[in-house]
Protein chains: 2
Amino acid sequence: MNQTSPISIDFQSLKERLSSHGLKVTSQRLIIYQCLLMSDDHPSAEIIFEKIRVDHPSISIGTVYKTMETLVEAGLAKKVKTADDLLRFDAKTGHHNHIYCSNTDQIMDFDDPELQSILEDYFSKREFKNFLVTDFQLLVNGEILDKGKRIKLKQSK
Amino acid sequence: MNQTSPISIDFQSLKERLSSHGLKVTSQRLIIYQCLLMSDDHPSAEIIFEKIRVDHPSISIGTVYKTMETLVEAGLAKKVKTADDLLRFDAKTGHHNHIYCSNTDQIMDFDDPELQSILEDYFSKREFKNFLVTDFQLLVNGEILDKGKRIKLKQSK
DNA sequence: CTTGCTGCAAAAGGTTTGCAGCTCC
DNA sequence: GGAGCTGCAAACCTTTTGCAGCAAG
């Protein structure tokens, strides 16, 4: 878990990825998408906005929301949600599970081929009456024991 | 899945359950808790409010929110969240998984002892460095094939 | 040129909060 | 009688929307 993304994040490949998904290439989309790809912490729209704003003060929060929605629709990002709150995003669109720490509010990727095959095996055998399974995801909740490394990102609640 | 709750829902037992959890017994809490227990569809605060309002027009939405929060804190209810949106509630506090239909916005309980033991087995063997697993939950996404039975509850989106 | 994206500001939910009065214990 | 609930309304925050102007293809 927490490995770096295998996707190259130079603007040229991002441009190609956007246009191959039928999206117009704009500087805002490139920056937002790049920011998401460089984040391994499943940022919210607000967090992406704050990060980008440092270098691109004219960006607007509405654009971030719209772009995230567009990326999700295009299949270039996924929505993630925890037992607590807030919508957050993930550039890894392949199947994987998540670990959520309720103390620090961190979401970490949790990729384990063994678990994956256990679950796929189970679902291939299991029949659902009148229900088509499109996707499944395991969310592991718990607490990071390694204290003091991070502070809670959330604005209280 | 979709079995009726094993919890008795007469006011006397509800009173006892509330006070044994250190909560004052009020008519609003009894009604709200009873409504949640009788629901197998993981209602939102808004839905509970609408259901209750029919017979108890003086109830306020703020009370419903506060009471739900209180019940969750007391361990008498759980929060549930889907890949889409909205916070919803579940009176079943024991470990179980959920099935979510993105077409109708229904959340169904998904209790399978076989799956449960597979997962417990996996987690007992799996070690997490610096992470204490308190809970895990599988969310199955998909579509109900049995069309026409229900309409989407959600107010668009 | 035309489509569709951006920025702005206003609006729209859903949820929380402050407070006075009332209830339960 | 006092702690702690309730109802009401206002506030809050995140997200969405409408629209005029602008940029990409």
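Residue numbering restarts at 1 for every chain, and letters A, B, ... go by the order of the sequence lines.
- Side-chain contact, B/Arg126 with B/Tyr122: a donor N or O sits under 3.5 Å from an acceptor N or O.
- B/His21 has its NE2 atom 21 Å from the P atom of C/dC24, to the nearest Å.
- Atoms NZ (B/Lys15) and P (C/dC24) sit 10 Å apart, rounded to a whole Å.
- Not counting sequence neighbours, B/Phe11 has no partner by the ring pair (Phe, Tyr, Trp, His ring centres under 6.0 Å) test.
- Less than 6.0 angstrom separates the ring centroid of B/Phe128 from the ring centroid of A/Phe110.
- Partners of A/Gln34 under the side chain to side chain donor-acceptor pair (under 3.5 Å) rule, at least two apart in sequence or in another chain, do not exist in this structure.
- Contacts between residues 57-66 of chain B and DNA chain C, counted as heavy-atom distances below 4.0 Å, involve B/Tyr65, B/Lys66.
- Within the 4.0 Å cut-off from OP1 or OP2 of D/dG7, at least one side-chain nitrogen or oxygen of B/Gln28 is found.
- Under a 3.5 Å cut-off, the side chain of B/Ser44 and the backbone N or O of B/Arg88 do not form any donor-acceptor pair.
- Rounded to whole Å, the distance from NE2 on B/His56 to C1' on D/dG7 is 15 Å.
- Under the 4.0 Å criterion applied to side-chain N and carboxylate O atoms, B/Asp111 and B/Lys92 are assigned as salt-bridge partners.
- In this structure, B/Ile32 places its CD1 atom 12 Å from P of D/dC5, rounding to the nearest Å.
- C/dC24 atom P lies 10 Å from atom CG of B/Leu30, rounded to whole Å.
- Of the residues near DNA chain C, A/Leu23 and B/Leu23, the one whose nearest nucleotide (by heavy atom distance) lies more toward the 5' end is A/Leu23.
- Sorted by first and then second residue, the ring pair (Phe, Tyr, Trp, His ring centres under 6.0 Å) pairs with a member in residues 46-80 of chain B form an empty list; sequence neighbours excluded.
- The side chain of B/Thr26 contributes an N or O atom lying less than 4.0 Å from OP1 or OP2 of D/dT6.
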Q: Kindly determine whether A/Arg53 and A/Glu50 satisfy salt bridge (charged side-chain N to carboxylate O under 4.0 Å, His left out), including the steps that lead there.
A: CA-CA 5 Å; A/Arg53 195 141 71 133; A/Glu50 293 301 339; 3.5 Å; yes

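- If you measure from atom CD of A/Glu69 to atom P of D/dT14, you get 17 Å, rounded to the nearest angstrom.
- Using five terminal pairs a side, the axes of the helix from C/dC1-D/dG25 to C/dC25-D/dG1 at its two ends make an angle of 40°, given in steps of 10 degrees.
- Taking atom CE on B/Met68 and atom C1' on D/dT6, their separation rounds to 17 Å, with Å as the unit.
- One interatomic measurement links the two molecules: CD1 of B/Ile31 to P of D/dG7, which rounds to 9 Å at whole-angstrom precision.
- With hydrogens and angles left out, the side chain of B/Lys24 and the base of D/dC5 share no donor-acceptor pair within 3.5 Å.
- With sequence neighbours excluded, the residues satisfying side chain to side chain donor-acceptor pair (under 3.5 Å) with B/Gln137 are B/His98.
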